[in-house]
Amino acid sequence: MFSSKAAAALTTRVSARGFHASARAEARKFFVGGNWKCNGTVSQAKELVSMINQSTLSGNTEVVICPSQVHLQSVQSSIRGDVAVGAQDCWTTGGGAYTGETSADMLTDMGVSWTLVGHSERRGKGESDAEVAAKAKYALDKGLKVIACCGEPLESREAGTTNDFVFPQIKAYADVFSKEDWANVVIAYEPIWAIGTGLTATPEQAQDTHAAIRQYLGTIAGADVAENTRILYGGSANAKTAPGLSSKEDIDGFLVGGASLKPEFADIINCQDGTPSMKPVNIGINGFGRIGRLVMRAAQNDPMVNIVAVNDPFIPVNYMEYMMEFDSTHGKYPGTVGVHDDKTIMLDGKPITVFGEMDPANIKWGDADVDYVIESTGVFTKMEAAAKHMAGGAKKVVISAP
């Protein structure tokens with residue numbers, strides 16, 4: 001995007017204006033937005049909310065999630081209090097004969113506090129800079145905060161005209177925003193060429209563009225606006241790339257797409273200060289009786305629990321399949337059950353390792369990456385007997401009374 005000489009000159013100019021890392025630490029709180037895009041059934045949206053609600057999230061990061069409009073109200077009513085909810089778009093004015101649109105008035109009435117505008121996938125449908133800016137301004141006037149997107153395609157990057165493409169998008173926002181509006185705006189820079197293409201912006205490339213955006217913002221909106229406005233990176237960040245990107249002085253957070261639908265979203269949120277994110281727990285079940293099957297059913301609706309193994313010396317895999325699908329105690333299983341081989345049962349497409357050991361000490365839980373064992377046989381209920389599971393690699397054992 002820039003030659004090394006131009007980048008060096010740009011860094012010097014930006015530093016001279018006081019746009020540096022210490023300013024971010026003092027005035028620009030780290031920000032991570034999750035854009036769910038057009039994804040999620042009702043049950044999947046509930047699972048994503050559950051995943052976030054159970055995760056450990058850094059208090060030093062502001063978090064906003066943007067589900068599909070049809071899930072906004074359910075997500076808003078069930079998400080934890082330290083995570084805000086935003087829409088993925090809103091209209092340029094209030095209610096009226098605008099089929100398919102969502103007004104800022106509707107969103108604020110629902111308790112939604114943020115909205116995206118100008119996402120590359122919306123601009124790709126023909127939205128002009130002026131229309132996007134009008135949406136943003138109306139949203140701000142109605143009390144919403146705005147994630148204002150901008151970004152360039154691959155052709156502009158390869159031609160060295162990134163600034164020529166991005167700056168007019170930012171100028172359109174600045175032309176309609178008041179000085180006060182900027183306090184409720186974050187900019188999300190999306191290198192369109194790095195979204196779902198396999199191409200990746202290096203931290204240095206992303207920093208160069210963020211620094212250029214911040215300097216340009218200073219010339220059109222004022223040095224204080226440039227210094228205080230957060231600029232997010234929206235180029236397919238994930239748990240692996242987030243730490244390196246976030247170390248750059250002008251990258252104030254991320255607008256996350258696909259990774260916001262996965263447990264690694266918490267890792268991205270926590271990438272600045274090392275807060276440990278809660279990972280899904282891998283569960284092994286000893287005993288495929290009614291309690292073991294009930295645990296297996298319950299876990300299928302919780303994204304933070306993975307059933308990875310089951311042990312029962314008396315029930316072969318084929319009969320496990322039948323018992324799970326046509327459960328005489330809990331009823332017919334609503335998902336899919338199958339057999340992969342004589343050591344693997346499939347539940348809703350997920351493989352579960354099957355052991356057939358009599359002695360808990362001989363079950364190779366560690367080979368299946370089991371964290372917790374649910375002891376559900378009713379046989380090994382004493383501490384000494386249940387502790388034998390640890391010999392096979394289990395970290396902890398939960399004893400279920402028969």
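In what follows, residues are counted from 1 in the order of the sequence shown.
Between Arg214 and Glu227 no salt bridge is recorded (no basic side-chain N to carboxylate O distance below 4.0 Å). Between Lys171 and Asp129, none of the side-chain N atoms (NZ, or NE/NH1/NH2) sits under 4.0 Å from a carboxylate O, so this pair counts as no salt bridge. Using a 4.0 Å cut-off between charged side-chain N and carboxylate O, Arg122 and Glu127 make a salt bridge. At a threshold of 4.0 Å, the pair Lys350-Asp348 does not count as salt-bridged, since none of the basic side-chain nitrogens sits closer than that to a carboxylate oxygen. One finds no salt bridge joining Asp252 and Lys29 here, because no Lys/Arg side-chain nitrogen approaches an Asp/Glu carboxylate oxygen to under 4.0 Å.
By the 4.5 Å heavy-atom criterion applied to side chains, Val117 and Tyr173 are counted as neighbours. Counting only heavy atoms from C-beta outward, the side chains of Leu255 and Cys149 approach each other to under 4.5 Å. Residues Ile352 and Thr344 fail the side-chain proximity criterion, which asks for heavy atoms closer than 4.5 Å. Two residues are said to be in side-chain contact when any heavy atoms from C-beta on lie closer than 4.5 Å; Lys343 and Val317 fail this criterion. Looking at heavy atoms from C-beta onward, Val85 lies in side-chain contact with Ile79 at the 4.5 angstrom threshold. For the pair Thr41/Glu47, no side-chain contact is recorded, criterion being any heavy-atom separation below 4.5 Å from C-beta on. When side chains are defined from C-beta on, Cys150 counts as touching Ile213, because their heavy atoms get closer than 4.5 Å. Counting only heavy atoms from C-beta outward, the side chains of His210 and Glu249 never approach each other to under 4.5 Å.
Between Met296 atom CE and Ser376 atom OG the span is 9.0 Å, to the nearest 0.5 Å. To the nearest 0.5 Å, the span separating CG on Leu144 from NZ on Lys135 amounts to 13.5 Å. Summarising the geometry, atom CD1 belonging to Ile170 is positioned 7.0 Å from atom CD1 belonging to Ile231; distances are rounded to the nearest 0.5 Å. Taken from NZ in Lys46 to OG in Ser78, the straight-line distance is 8.5 Å, to the nearest 0.5 Å. Here the straight-line distance linking atom CD1 of Ile251 with atom CZ of Arg230 works out to 15.5 Å at 0.5 Å rounding. Rounding to the nearest 0.5 Å gives a distance of 11.5 Å between NE2 of His71 and CD1 of Ile65.
When atom types are taken as modelled, the side chain of Asp359 and the backbone of Ala361 share a donor-acceptor pair closer than 3.5 angstrom. Without hydrogens or angle criteria, His330 side chain to Arg293 main chain gives no donor-acceptor distance under 3.5 Å. Distance alone, capped at 3.5 Å, places no donor-acceptor pair between the Gln69 side chain and the Ala87 backbone. The backbone N or O of Gly111 sits less than 3.5 Å from a side-chain atom of Gln76, completing a donor-acceptor pair. Checking side-chain atoms of Gln272 against main-chain N and O of Ser246 turns up a donor-acceptor pair under 3.5 Å. Checking side-chain atoms of Thr241 against main-chain N and O of Ala237 turns up no donor-acceptor pair under 3.5 Å. Between the side chain of Ser247 and the backbone N or O of Gly244, at least one donor-acceptor pair lies under 3.5 Å. Not one N or O on the side chain of Tyr333 forms a donor-acceptor pair closer than 3.5 Å with the backbone of Asp327. Side-chain atoms of Asn184 do not come within 3.5 Å of backbone N or O of Leu140 as any donor-acceptor pair. Here the side chain of Ser260 pairs a donor or acceptor atom with the backbone of Gly257 at under 3.5 angstrom.
No side-chain donor-acceptor contact under 3.5 Å links Ser103 and Glu101. For the 3.5 Å distance criterion, the side chains of Gln88 and His119 fail to qualify, holding no donor opposite an acceptor.
When every heavy atom of Leu57 is checked against every heavy atom of Ala266, the shortest pair comes out as CD2-CB, 3.9 Å. Residues Ala394 and Val373 share a closest heavy-atom pair of CB-CG2, 3.5 Å. Annotation for Ala206 and Leu245: closest pair CB-CD2, 3.9 Å, computed over non-hydrogen atoms. Nearest heavy atom pair, residue Ser236 against residue Ile195, reads OG-CA, 3.3 Å. In terms of heavy atoms, Glu264 sits closest to Ala239 at OE1-N, 2.8 Å. The nearest pair of heavy atoms linking Ala174 to Ile220 is CB-CD1, 3.6 Å.
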Q | Stepwise side chain to side chain contact (heavy atoms under 4.5 Å, CB included) check, Phe380 with Lys388 | A | CA-CA 9 Å; Phe380 305 102; Lys388 290 184 177 180; 5.8 Å; no
Q: Show your reasoning for whether side chain to side chain contact (heavy atoms under 4.5 Å, CB included) applies to Thr102 and Asp89.
A: CA-CA 8 Å; Thr102 305; Asp89 192 42; over 6 Å; no
Q: Any chance you could lay out the side chain to side chain donor-acceptor pair (under 3.5 Å) test for Asn282 and Asp369, step after step, and finish with the verdict?
A: CA-CA 7 Å; Asn282 289 341; Asp369 294 324; 5.4 Å; no
Q.
Asp164 vs Ser156, test: side chain to side chain contact (heavy atoms under 4.5 Å, CB included). Steps then yes/no.
A. CA-CA 8 Å; Asp164 295 336; Ser156 293; over 6 Å; no
Q) So Trp365 and Asn311, side chain to side chain contact (heavy atoms under 4.5 Å, CB included) or not? Walk me through it. A) CA-CA 9 Å; Trp365 296 119; Asn311 178 74; 3.8 Å; yes
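Summarising the local packing, OH of Tyr216 is surrounded by more than 12 heavy atoms from other residues, nucleotides or ligands at distances under 6.0 Å. The neighbour count for Lys240 NZ, taken as heavy atoms of other residues, nucleotides or ligands under 6.0 Å away, does not exceed 12. Around atom NZ of Lys382, no more than 12 heavy atoms belonging to other residues, nucleotides or ligands sit under 6.0 Å away. Summarising the local packing, NZ of Lys37 is surrounded by more than 12 heavy atoms from other residues, nucleotides or ligands at distances under 6.0 Å. Environment of CD in Glu357: crowded, with over 12 heavy atoms of neighbouring residues, nucleotides or ligands closer than 6.0 Å.
Under the rule for a side-chain contact (heavy atoms from CB on, under 4.5 Å), Pro276 has no partner lying at least two apart in sequence or in another chain. Scored by the side-chain hydrogen bond (donor to acceptor under 3.5 Å, both in side chains) test, Asp267 finds Ser277, Lys279 as partners (sequence neighbours excluded). Residues satisfying the salt bridge (charged side-chain N to carboxylate O under 4.0 Å, His left out) test with Lys262, not counting sequence neighbours, are none. Taking Ser50 as the reference, Gln54 meet the side-chain hydrogen bond (donor to acceptor under 3.5 Å, both in side chains) condition, with sequence neighbours excluded. Shown here are the side-chain contact (heavy atoms from CB on, under 4.5 Å) partners of Thr61, two or more places apart in sequence or in another chain: Phe30, Val32, Ser58, Val63, Ile269. Among residues two or more places apart in sequence or in another chain, the salt bridge (charged side-chain N to carboxylate O under 4.0 Å, His left out) test is passed with Glu325 by Lys332.
The only option from Thr353, Val354, Asn318, Ile307 that meets the side-chain contact (heavy atoms from CB on, under 4.5 Å) definition with Ile345 turns out to be Val354.
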